[in-house]
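Proteins come first, then strands; the chains are lettered A, B, ... in the order of their sequence lines, and each starts at number 1. No hydrogens, no waters, no symmetry mates; every other heavy atom, side chains included, goes into these values.
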2 protein chains.
Amino acid sequence: MMRADARRNRDHLVAAATDVIAEEGPEASLNEIARRAGVGPGTLYRHFPTRESLLTTVFRTRIEALCARAGDLAAKLPPGEALTAWLHELLAHAVTDRGLGATMMLTEQESGFDCSALMAAAASGLLAGAGEAGSVRRDLTVDDLFQLVHGISLAAGDLGRGDRLLTLTLEGLRAA
Amino acid sequence: MMRADARRNRDHLVAAATDVIAEEGPEASLNEIARRAGVGPGTLYRHFPTRESLLTTVFRTRIEALCARAGDLAAKLPPGEALTAWLHELLAHAVTDRGLGATMMLTEQESGFDCSALMAAAASGLLAGAGEAGSVRRDLTVDDLFQLVHGISLAAGDLGRGDRLLTLTLEGLRAA
DNA sequence: ACCTGAACACCGTTCAAGT
DNA sequence: ACCTGAACACCGTTCAAGT
């Protein structure tokens, strides 16, 4: 059980981090986040020993929602289309919430939330379905998908460019 | 004409930057580079007003060599294979010299060296050849190629992974 | 005129002191 | 026992003072 003031400080930190990261991106100053939350930097480090543990907490609900979408899409689209649609949604998140792309692949987790396992479970269902339907190469792995989408999100200037690069990747650069 | 001491300082700075960037990557401390060159930080800023202008100078000879390779490959391989081979060489540079990938797309240039124009010239020759030969999609642009390779270099852990991701991108994720 | 490094405002991180 | 922020060693960048 957390002491009441600690609980309140933690909540303030997450709220402040959400705001500051939205404004300045995932490399935002930790001291600035602590300042905005009205606590000292030591308090931030006590609750979140690494920057990643803070980012994971901030992005957690968004990542869970995205993983839930995998099931929705699988239920209402043919397997190949479901995978394609989900990858575009993943890309949209990675481009919009800069830093979420790197966060989603983190393998060691604090706060009992194994982000990469959740993401892998969501993606592998879609990937297996699309593979069995003959829509995608059988040798594709979940890591291939995540790294390709992550790379595109980092290199593309905006979502329009990102969607084009993802489409090119899906279809291949070679002539049909 | 540069004063002799200025010339010497500039040379020391480029040599020190080459070493430090090789050790610590493109985000290396500028003060550390200046320290290693035996000059004050102001001297570094006088010669290189931005970090990019320093990186461009450090990578210049490597980028010029890579661009020259485009002609070599075009002369000895069929157009489609020449493009593929050059993209893999580009990727190898981007993975090995972290920071070169971002540098190669810089559009404004100091020291009379327009890196992006040189790169675009090298790539567009190969791309046009491969397009006419029917090896790649006709709607591909040089920017598509650079952004895809750059993204892969950022997301792939090592060159082995990078080569796989580039091959997947060339062939497409969809089943043949 | 050109070069220079001490100085400034920041950053991430720690740990002695408080409650 | 747990929380805390002053303090430390760094960073990028500038500009008054030197030659």
Side-chain angles (χ1 to χ4, degrees), chain A residues 1-59 98-100 102-103 106 108-112, chain B residues 1-59 98-100 102-103 106 108-112:
Chain A
M1 186 52 186
M2 217 174 221
R3 234 164 63 175
D5 60 337
R7 172 86 254 166
R8 197 168 52 242
N9 283 342
R10 207 193 113 100
D11 293 345
H12 286 163
L13 280 166
V14 174
T18 303
D19 291 350
V20 176
I21 287 166
E23 290 166 21
E24 305 183 14
E27 317 264 276
S29 160
L30 297 178
N31 282 346
E32 166 68 16
I33 290 170
R35 210 173 298 130
R36 197 93 71 102
V39 303
T43 306
L44 186 154
Y45 278 85
R46 170 155 290 272
H47 288 283
F48 303 101
T50 64
R51 178 184 291 273
E52 284 69 33
S53 65
L54 179 58
L55 288 174
T56 300
T57 304
V58 166
F59 289 138
R98 292 174 40 245
L100 185 144
T103 302
L106 290 178
E108 289 182 37
Q109 288 304 327
E110 291 78 4
S111 56
Chain B
M1 187 52 187
M2 218 174 221
R3 235 163 64 176
D5 59 338
R7 171 85 256 165
R8 198 169 51 243
N9 283 342
R10 207 194 113 101
D11 292 345
H12 287 163
L13 279 165
V14 174
T18 303
D19 291 349
V20 177
I21 287 166
E23 290 167 21
E24 306 183 15
E27 318 263 276
S29 160
L30 297 178
N31 281 348
E32 166 68 15
I33 290 170
R35 210 173 298 129
R36 197 92 71 102
V39 304
T43 307
L44 186 153
Y45 278 86
R46 169 155 290 274
H47 287 283
F48 302 101
T50 64
R51 180 184 291 273
E52 283 69 33
S53 64
L54 178 59
L55 287 174
T56 300
T57 304
V58 166
F59 290 137
R98 290 173 42 247
L100 186 144
T103 303
L106 290 179
E108 289 182 36
Q109 288 305 326
E110 291 79 5
S111 57

Read 5' to 3' with Watson-Crick or G-U pairs under 3.5 Å, [ ] for crossing pairs and | for partners on another strand, DNA chain C gives ||.|||||...|||||.||
Ignoring hydrogens, what is the shortest heavy-atom contact between Thr50(A) and Ser53(A)? Give both atom names and the distance. O-OG, 2.7 Å
Would you indicate what Arg35(B) reaches in the nucleic acid, counting non-hydrogen atoms under 4.0 angstrom: base, sugar-phosphate, or nothing? sugar-phosphate
Scan residues 13-28 of chain A against DNA chain D and write down, sorted by residue number, each residue with any heavy atom closer than 4.0 Å; if none is found, say none. none
Go nucleotide by nucleotide along DNA chain D from the 5' end; which of Asn9(A) and Asn31(B) gets its closest nucleotide reached first? Asn9(A)
Any side-chain heavy-atom pair from Leu54(B) and Ile33(B) closer than 4.5 angstrom? yes
For Ala34(A), what residues pass the side-chain contact (heavy atoms from CB on, under 4.5 Å) criterion, not counting sequence neighbours? Val39(A), Leu44(A)
Evaluate the side chain to side chain contact (heavy atoms under 4.5 Å, CB included) criterion for residues Thr56(A) and Phe48(A): first the C-alpha distance (whole Å), next the side-chain angles of each, then the deciding distance (0.1 Å), finally the verdict. CA-CA 10 Å; Thr56(A) 300; Phe48(A) 303 101; over 6 Å; no
Ignoring hydrogens and angles, tell me if any N or O in the side chain of Arg51(B) forms a donor-acceptor pair with the backbone of Ala28(B) under 3.5 Å. yes
Would you mind telling me which residue lines up with the more 5' stretch of DNA chain C, Gly42(A) or Glu32(A), judged by nearest nucleotide? Glu32(A)
Mind listing the side-chain donor-acceptor pairs of residues 1-8 of chain B below 3.5 Å, one per line with the distance, residues two or more places apart or on another chain?
residue: Arg3(B); atom: NE; partner: Asp5(B); partner atom: OD1; Å: 3.3
residue: Arg3(B); atom: NH2; partner: Asp5(B); partner atom: OD2; Å: 3.3
residue: Arg7(B); atom: NH2; partner: Asp11(B); partner atom: OD1; Å: 3.1

Its 5'-most and 3'-most nucleotides having an atom under 4.0 Å from a non-hydrogen atom of chain A, DNA chain C is contacted over dC11(C) to dT14(C)
Using a cut-off of 4.0 Å on non-hydrogen atoms, how would the nucleic acid contact of Ala34(A) be classed: base, sugar-phosphate, or nothing? nothing
Rounded to the nearest 0.5 Å, how far apart are CD1 of Ile21(A) and CZ of Phe59(A)? 5.5 Å
Calculate, to the nearest 0.5 Å, the distance between atoms CG and OG1 belonging to Asn9(B) and Thr43(B) respectively. 6.0 Å
Select from Arg46(B) and Pro41(A) the residue whose nearest nucleotide in DNA chain C is closer to the 5' end of that strand. Arg46(B)
What pairs of residues pass the side-chain hydrogen bond (donor to acceptor under 3.5 Å, both in side chains) test when at least one of them lies in residues 24-36 of chain A, not counting sequence neighbours? Glu23(A)-Arg36(A), Glu32(A)-Arg35(A), Glu32(A)-Arg36(A)
Listing request: all salt bridge (charged side-chain N to carboxylate O under 4.0 Å, His left out) pairs with a residue in residues 40-50 of chain A, at least two apart in sequence or in separate chains. none
